Amino acid sequence: MSSSTNLMINLLVLLALASLLSPAPALCYIHAGEASSVVRTPNGTPPPPADAYRTYIVLVDPPPHGAATDDDGHRRWHESFLPGGRRMDDGADQARIIRSYTEVFEGFAARLTAAELAGVVSKKPGFVRAFPGRRTLRLMTTHTPEFLGLTRGAGFWRDVAGYGKGVVVGLLDTGVHAAHPSFDDRGVPPPPARWRGSCAVAATRRCNNKLVGVKSFVDGGGGGDDDVGHGTHTASTAAGNFVAGGASDRGLGAGTAAGIAPGAHVAMYKVCNGSGCDDDAVLAGFDEAMKDGVDVLSVSLGRWSSPPFDEDPIAIAAFSAVARGITVVCAAGNGGPEPSTVSNDAPWLLTVAAGSVDRSFSTTVLLGNGELVAGQALAQQPNSSTSYYPLLFSEKQPKCNELAGIVGDGVAGHLVVCQSDPVEDESVVSAMMATGAGGVVLINTESEGYTTVLEDYGPGMVQVTVAGGHNITEYARSSSSSAGGCKPNATVVFDNTLLSVHPAPTVASFSSRGPSKVAPGVLKPDVLAPGLNILAAWPPHLQHGGGGGGGGLFKVISGTSMATPHASGVAALVKSRHPDWSPAAIKSAILTTSDAVDGAGNPILDEHHERATAFLTGAGHINPARAADPGLVYDIAVADYAGYICALLGDAGLGTIVRNESLSCGKLDKNKIPEAQLNYPTITVPLPRSSSSAAPPPFTVNRTVTNVGPARSTYTVKLEIPRSLTMRVSPEKLVFSGVGEKKDFSVTVSGGGGGGEVVEGSLSWVSGKHVVRSPIVAVPQPYLKLGS
């Protein structure tokens, strides 16, 4: 898991428990025309009593022509679906309709009983579908712009992308600390004339040309203040203004802070609080952002698992936003390192995985034998002395909570070495330090490997990798058993901040991985971005680490929540440079220009320093400077997505997601698009299995590229494939004579690993100026739906 985790581990555990203990069924939905509700309960929980009120999100047809000309008209249409009056019959005199939606889809959120939904609402003409409202969404930088190749002053960032000026980045999150200097509007012009957003009354006095919108859909509305910290952190990462000098977390990572698009405008839609995020509030945030006219929508939220797209209100809402030209950027999730944990995996979303940066908040454990073990710590102390402490480690009870339960006050005067247990570490470490321990060395879990998610448990704690922990414990064992009985000891030296640390980037252990369970024929996640130990803005009234009181203006936390706004900021830079590009074109530009190698030119590694697969990195690590000038793009129109949805989900899915009366699967019959044939910038090829001893037949995928570079351009194909694959591209050369010109090509693949394993390669279109790279993932047939 992650450390937005520092604040997020406890939050995520509470959310997990809440979803497990909730009487609400998981993934319950009702089809139009069915006699009763169809309940899908993968966790086996029973449905609530038929007479129990709960929130349902109801999708309906648009009102009859001319029946609704304003929001009040739409609300009256929605009220026409209610049983009886507008208020509940439970004695509380509460309004049934909580929210009305007109942009993400036509519909509403209402308090209903299951019996009312099945017996009355679902039988009304115009009813489409209903979902139970759930609280299953969870919340998922001074140096990162430089790490991504962005340098203040002359160059791409200022002269080409204009720091993202003219673009409005919206965020669905926990609110914003508007008074933070990251949201000062120095040097930021007014928002574009098309902007229709505003600030809630309580936040108006702090809104300006940088922070152009703040609205809340939780806690009774209000001013959108951030009482969690998450929203302030993500907003400043995406588009925070320059904050010169002294931007640090208690002296660590000091420098000038800036978001990826420091010239862009920020609009915050508060849809979450410390208890989590409700579907109906998130949908309201989508709805309002679309009305206001955001250009990019950053969504650092996700589910524990992804439902089918036509059963996921968030995927449906995001499709409506993308159809309006809004680039929607989402977190891949913090479910790693397990495979097939990726969330937000619809192909119309830009799905972001989390990686490391080349910075370490370095601390060294100096062993009594002279060996140095590298570690990290957030709460660093002055190196006023080099006192050595005897090591306290137990082979039989290696975990911190186990060791503390045995030795009790015996930790006093010792440097305690123990294995991490994320659920209990904070309380255990605090108790050890309060008892007089000289310090605590926390060893990563095996699954974390070399990924150190820095935790803020107060002074005295050092975190080391599995490899570093092994070196310390081996020294403790060997010294304890050596002749003479010399007691092992060590001291800790704090080194502050180190840059140019390698390898970097690597994939963070918590970052969710593909393949998608819902749509395995489209490679997810899409791209890798910085998400490990990210320094960004923080509300100063919120606590840092152990002890009471407030903290500073910046804080280090981790998660795909932190990776997402990095990609959102890059999308804003590209949008600023190319305001007429579609969301699919912007995504294509980001994917095809991403880096397949790390900063030293070596393959990107995972948390165990083994070569990371495309199911971890997507197309590669994000590269802002190249993304604004990709040469070619793989564009996808709404009709193409409709054909894909027809092939995947049929008419029911199309009617739920696309909601366009002019489109039907019957009309799209000849244009149904199987997963492998969607014009996606990455290529996933199903390898058919032959029923005989003969070689399996080849499989062909088709793609179309659009020239967005020089009018007269010639591209030649370059393939990087393993020997086990045979690949033919036709044609092998693409010659363009104009900007916007399209060219088709096909890729025919045969062979494979022979053992049913996934095989990876790449296809690049190379001109004198551009390299347009697409990873190719060849997957055994059972994973995918065939179609050509």
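Computed from a predicted model, the values in this text were never measured in an experiment.
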Heavy-atom pair of closest approach, residues [X] and [Y]:
{"X": "Pro307", "Y": "Val518", "result": "O-CG2, 3.6 Å"}
{"X": "Pro686", "Y": "Ala676", "result": "CD-CB, 3.9 Å"}
{"X": "Val342", "Y": "Gly514", "result": "CG1-CA, 4.1 Å"}
{"X": "Arg773", "Y": "Ala596", "result": "CZ-CB, 3.5 Å"}
{"X": "Asp651", "Y": "Cys665", "result": "OD1-N, 3.1 Å"}
{"X": "Thr564", "Y": "Ser298", "result": "CG2-OG, 3.7 Å"}

Supply the atom-to-atom distance [X] [atom1] to [Y] [atom2], rounded to the nearest 0.5 angstrom.
{"X": "Leu82", "Y": "Leu112", "atom1": "CG", "atom2": "CG", "result": "6.5 Å"}
{"X": "Glu79", "Y": "Phe108", "atom1": "CD", "atom2": "CZ", "result": "9.5 Å"}
{"X": "Arg659", "Y": "Leu654", "atom1": "CZ", "atom2": "CG", "result": "10.5 Å"}
{"X": "Asp70", "Y": "Arg76", "atom1": "CG", "atom2": "CZ", "result": "6.5 Å"}
{"X": "Ser568", "Y": "Leu297", "atom1": "OG", "atom2": "CG", "result": "8.0 Å"}
{"X": "Lys743", "Y": "Thr704", "atom1": "NZ", "atom2": "OG1", "result": "11.5 Å"}

Yes or no on side chain to side chain contact (heavy atoms under 4.5 Å, CB included) for Ile721 and Val749, after CA distance, side-chain angles and deciding distance? CA-CA 10 Å; Ile721 55 174; Val749 181; over 6 Å; no
Beyond-backbone contact of [X] with [Y], side-chain heavy atoms, under 4.5 angstrom:
{"X": "Pro132", "Y": "Arg54", "answer": "yes"}
{"X": "Asp279", "Y": "Arg303", "answer": "yes"}
{"X": "Val708", "Y": "Trp581", "answer": "yes"}
{"X": "Thr684", "Y": "Val701", "answer": "no"}
{"X": "Leu283", "Y": "Phe131", "answer": "no"}
{"X": "Tyr644", "Y": "Ile636", "answer": "no"}
{"X": "Leu632", "Y": "Asn707", "answer": "yes"}
{"X": "Pro64", "Y": "Trp77", "answer": "yes"}

Walk me through it: do Ile586 and His578 pass the test side chain to side chain contact (heavy atoms under 4.5 Å, CB included)? CA-CA 9 Å; Ile586 291 173; His578 304 285; over 6 Å; no
Counting N and O atoms only, with roles assigned by atom type, does the side chain of [X] sit under 3.5 Å from a partner on the main chain of [Y], one being a donor and the other an acceptor?
{"X": "Asp295", "Y": "Ala572", "answer": "no"}
{"X": "Arg728", "Y": "Thr726", "answer": "no"}
{"X": "Lys718", "Y": "Val771", "answer": "no"}
{"X": "Arg703", "Y": "Tyr680", "answer": "yes"}
{"X": "Glu741", "Y": "Gly738", "answer": "yes"}
{"X": "Ser588", "Y": "Ala584", "answer": "no"}
{"X": "Asn679", "Y": "Tyr634", "answer": "no"}
{"X": "Thr592", "Y": "Val772", "answer": "no"}
{"X": "Asn344", "Y": "Ala332", "answer": "no"}
{"X": "Gln677", "Y": "Asn702", "answer": "yes"}

Using 30° and 60° as the class boundaries, would you call the ring planes of Phe217 and Tyr269 parallel, tilted or perpendicular? parallel
Output all residues satisfying side chain to side chain donor-acceptor pair (under 3.5 Å) with [X], sequence neighbours left out; order by chain, then residue number.
{"X": "Ser100", "result": "His78"}
{"X": "Ser512", "result": "none"}
{"X": "Ser340", "result": "none"}

As a quick check of understanding, evaluate side chain to side chain contact (heavy atoms under 4.5 Å, CB included) for Val60 and Lys124, giving each step before the final call. CA-CA 10 Å; Val60 299; Lys124 298 245 181 165; over 6 Å; no
Around atom [atom1] of [X], are there more than 12 heavy atoms from other residues, nucleotides or ligands closer than 6.0 Å?
{"X": "Arg196", "atom1": "CZ", "result": "yes"}
{"X": "Lys291", "atom1": "NZ", "result": "yes"}
{"X": "Arg577", "atom1": "CZ", "result": "no"}

Could you please spell out the steps behind the side chain to side chain contact (heavy atoms under 4.5 Å, CB included) verdict for Lys587 and Asp526? CA-CA 9 Å; Lys587 176 163 65 173; Asp526 286 308; 4.1 Å; yes
Contacts of type ring-ring contact (aromatic ring centres under 6.0 Å, His included), residue His770, not counting sequence neighbours: none
Does Trp348 have any ring-ring contact (aromatic ring centres under 6.0 Å, His included) partners at least two apart in sequence or in another chain, and if so, which? Phe309, Phe319, Tyr641
Only one of Val271, Ile316, Val299 clears side chain to side chain contact (heavy atoms under 4.5 Å, CB included) with Phe286; which? Val299
Looking just at side-chain N and O atoms, do Asp310 and Thr656 make a donor-acceptor pair shorter than 3.5 Å? no
Have Lys524 and Thr351 got a donor and an acceptor in their side chains that come within less than 3.5 Å? yes
Residues which pass disulfide (SG to SG under 2.5 Å) with Cys272, listed by chain and number, not counting sequence neighbours: Cys277
Strictly below 4.0 Å, N to O, side chains only: are Asp287 and Arg99 in salt-bridge contact? no
